[in-house]
Amino acid sequence: MIGGRKFFVPTMLAFGFAFLYVPILSMIVFSFNNSRLVTVWDHPNSPTLKWYGLLFHNDQIMGAAWLSIKIATMNACISVVLGTIAGLVLARFGRFRGRTLLAAMTTAPLVMPEVITGLAMLLLFVSMEQLIGWPAGRGVTTITIAHVTFSMAYVTVIIQSRLANFDDSLEEAAMDLGARPAKVFFRVTLPLIMPAIVSGWLLAFTLSWDDVVISQFVAGPSSTTLPMVIFSKVRLGVSPDVNALATIMVLIVATGVVLSAIVMQRQEKRRAREMQLAASD
Amino acid sequence: MSGANGSRWRPGSRGPAKRTPGSQLTRPWEPLWQFFNRLRPARWSAYVRDHWIGKPLVTAVPMTWLVLFFMVPFIIVFGISFSQSVLAIPPYEELLGWTDDKVLQLRLHLSNYDYLFTDSLYASSYLYSLKVAAVSTCYCLLLGYPMAYGIARATTTRRNIYLMLIILPFWTSFLLRVYAWIGLLKGNGVINNVLMALGVIHEPITMMQTDFAVYIGIVYSYLPFMILPLYSNLEKHDRTLLEAAADLGSRPWKAFMRITLPLSVPGIVAGSLLVFIPAVGEYVIPSLLGRTDQLMIGRVLSDEFFENRDWPVASAVAIAMLILLVVPIMIFQRYQNRELAHK
Amino acid sequence: MADTRTRTPEPWLDPHAQAYIRVENVSKRFGSFVAVNNVSLKIYKGEIFCLLGGSGCGKTTLLRMLAGFEQPSAGAVYIDGQDMAGIPPYERPVNMMFQSYALFPHMSVAGNVAFGLEQEKIKRAEIDRRVAEILDIVKLGEYARRKPHQLSGGQRQRVALARALVKRPKLLLLDEPLGALDRKLREHTQFELLGIQEKLGVTFVVVTHDQEEAMTLSSRVGVMNRGEIVQVGTPRQIYEFPASRFVADFIGSVNLFEGQLTEDEQDHVRVKCEELSTPVYVDHGMSAPPLALCWVAVRPEKIVLGRERPAATDNWAHGTIHDIAYMGDMTVFVVKLDSGRQVRVTQANRTRKPEEQFVWDETVYLSWDASSPVVGTG
């Protein structure tokens, strides 16, 4: 509006975005650097794709990446189912006994320090194994269960807030027209929350794909996920093939996010135009 | 005819309209239905008031999962924190045990907690963690508030682009983003190289393994968590409030302090807690960027667990950390539930 | 089964008529809050029955109990002789038009309308035929493939109506059907709604807070207050013969006076009101204990202003004109009686003669016909 704010706010925005993106960009740039010393540009021999080649021949990283993809996919699918149900229950089922408990258990994981969750999950698995013999040892199953427990909390919040945007008279209308509850869910509720389910799936995938602390607690010796490999590598210092890996991941994510943003923008514009047309009818 | 049993409305039937006149029973299971209807509990209607009998079943699915995999683990941690470390697998003593003369014995050791108070390592780590989290949260707020404000006040097209730019790093690996800072902050890293090339400094500044590096790492990783709740709060503000304030003679800065800022308190609280609580227990960032002479509590816990294999002490550390965080977590939950309920 | 009797225009006057919907002693409690309190109602086939009341009076809760979204805490609801207890909304021969219309945003107009039929295992061709038919009736045939957000408010309202009617319900519930439309569209839609109702012969139960809407739409009105039905009657009945002080005050505007019954005969009553110059004489009897305290209601348009002192010994009062509001077709006067009480009087502006017009501070006599006042003790 007037005076300082006109200058201050845009400056902070610019600074903030620079702060967010300079590290990522520098990481991308140096992934094409020939030198092993990541931060010193080896002028005559760069840019090069050498580290990308090495990366794809690194069996440990490739194996870990594959394992992470498997776990993240399973986690995303299970989390979406459980989180959707929990979100639906919290948003639509009104008051019932245990609602407060459920609400608490779906918000606490959002902020719970990872070390605590990791430790608690591991101690549970150890006790369960002693008691009922399952899960035998630790590996993919235990990592997936642990990931689902915190991922589903995120999905729940997403679904719940999406449902809160819709009047529940839509569901009542469907029921009034003769649809049974299950049918109401599949014909009306589910299509309405589909966008939220998709973003919930992606978020759950990312959370699992990204997690290192909880995985470290509940992983067995034979199940090393990609973040665990990266973590042990970068603890020893920078390494150019990690830069290459990061670049690939950033590019994939950026493409996906930008594409979906464009699609969404277009849909929104078309919708706005159509609504204008309708009003002038 | 309205009283005739055959045409009574009940679940499963579509009503008398569809029945062929003359036939009393149209379906073979009709007698069964009638039998069942007579058996149905008196409070059946109260059941169906919630539209559906399947409700408790549906509720039970996520409930069971969370109780089993989220609540029970904390009870176990709490239990083990009263146990004693032994050389065994698993490396702790059972709380409940049978003595030789067949007496069920419950042994609770308070020594782990005693240990937390006597060994200054723990107290100093807790305080240090709280300090790091608090300072990082402040920086996050100082950077995040103007950004959220700028985004909320931008035009729709720009706003969407800004939001996308805020969220994009959040989708990329957290670990790799922290890693990126190592390359920047190192002694021979990008920042030092640039500053030296520009002649601002003559020898590299030590930035790695300092508090500063940890602050940067936390602010960098958690910034979206601060901006998004703030944005969704600021975006809802009615701009005519500021116009009214201006109309009543308030200068923009005053109007901001008296109107925008107080109204955005819920956003500030939510954003700050979303940064503060996980930051207290942060493990990865201080391990990669932080000091080696002063550990944060998350690292202490992990070391007790993995290096010393002292599970009971690790559990006690976790419980102590939880007690420390229980108030902020409850505030966060109340805020979150209110926010979701009032949308 | 076959109903060969010709429909009485006013079935509620016919003691032999079968009520189509019977609400018997229905109550609904939410925790300690009583939303609907011991309501009994009979609604007849082909009626447009309006539930009228302020916000929070329980009218929507009652409607939702008819639809099956809420179950009564006590009492029973019968539709066409069937007890509705325990029958979920999707099993009821009842459809509802929601206040927000609740059109499914992800389905086209035709998809929305077909939705209800698809739940009934009807053949696709038959569904398509019935959808096309009803869309023609509501004049939306050419919009069948549009999505709800591509329609204007009035069009959405008609889609909602078509969607509810296509299932040929025994009873159509309408929750503030015209509430979301602007004024001009309302009047138009109101008559359309009546036309469609007549054409299809469906029984309507309408919930509204708008008196005008209730008056013009309905065959009968049920006035609700604090969860109770306080009066049921034709629009004319509830306006001219309010059964209680609340109804008299709630419907239209009215002047209410406190008084004491001095004469209570078969053919007339006489009430002494402190605030009026003369007693009120009403030409119909009522039964109340002698000297009972009562209220007297006189509608503003039923009071005549005059400059001459009336010859009668009752049904008039003396005062000065305190305020005048000119409305075009009529003028509203606020007259301050000698007792200090202010009374509202409306007069049609029949002529433009200046000598007939009253002015500020003029002393006037207020009088009314013996058939006009309503007296009650409730």
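Note on naming: letters A, B, ... go to the chains in the order of the sequence lines (proteins, then strands), and numbering restarts at 1 for each one.
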* Asked: Between the main-chain N or O of L13(A) and the side-chain N or O of Y162(B), is there a donor-acceptor pair closer than 3.5 Å?
  -> no

* So, the side chain of Y220(B) versus the backbone of L20(A): is there a donor-acceptor pair under 3.5 Å, distance only? -> yes

Given a strict heavy-atom distance threshold of 4.5 Å, which part of [X] is in contact with chain A: side chain, backbone, both, or neither?
X: V317(B); result: neither
X: L273(B); result: backbone
X: L168(B); result: both

Quick check: do [X] and [Y] have side-chain heavy atoms less than 4.5 Å from each other?
X: F70(B); Y: M121(A); result: no
X: R235(A); Y: S287(B); result: yes
X: L322(B); Y: M112(A); result: yes
X: M249(A); Y: T172(B); result: no

* To do: Quick one: pull up CD in Q333(B) and CG in L110(A) and give me the separation to the nearest 0.5 Å.
  => 8.5 Å

* Asked: What is the distance from atom CD1 of I297(B) to atom CD1 of I116(A), rounded to the nearest 0.5 Å?
  -> 9.5 Å

* Pair F217(A) and F305(B), ring centroids less than 6.0 Å apart -> yes

* Could you tell me if the ring centre of F19(A) sits under 6.0 Å from that of W181(B)? => yes

* Do S173(B) and W209(A) get their side chains close enough for a donor-acceptor pair, meaning under 3.5 Å? -> no

* Would you indicate whether F166(A), at its atom CZ, is surrounded by more than 12 heavy atoms from other residues, nucleotides or ligands within a distance under 6.0 Å? => yes

* Structure fact -> Looking only at P62(B), S302(B), G281(B), most heavy-atom pairs under 4.5 Å shared with chain A are made by P62(B)

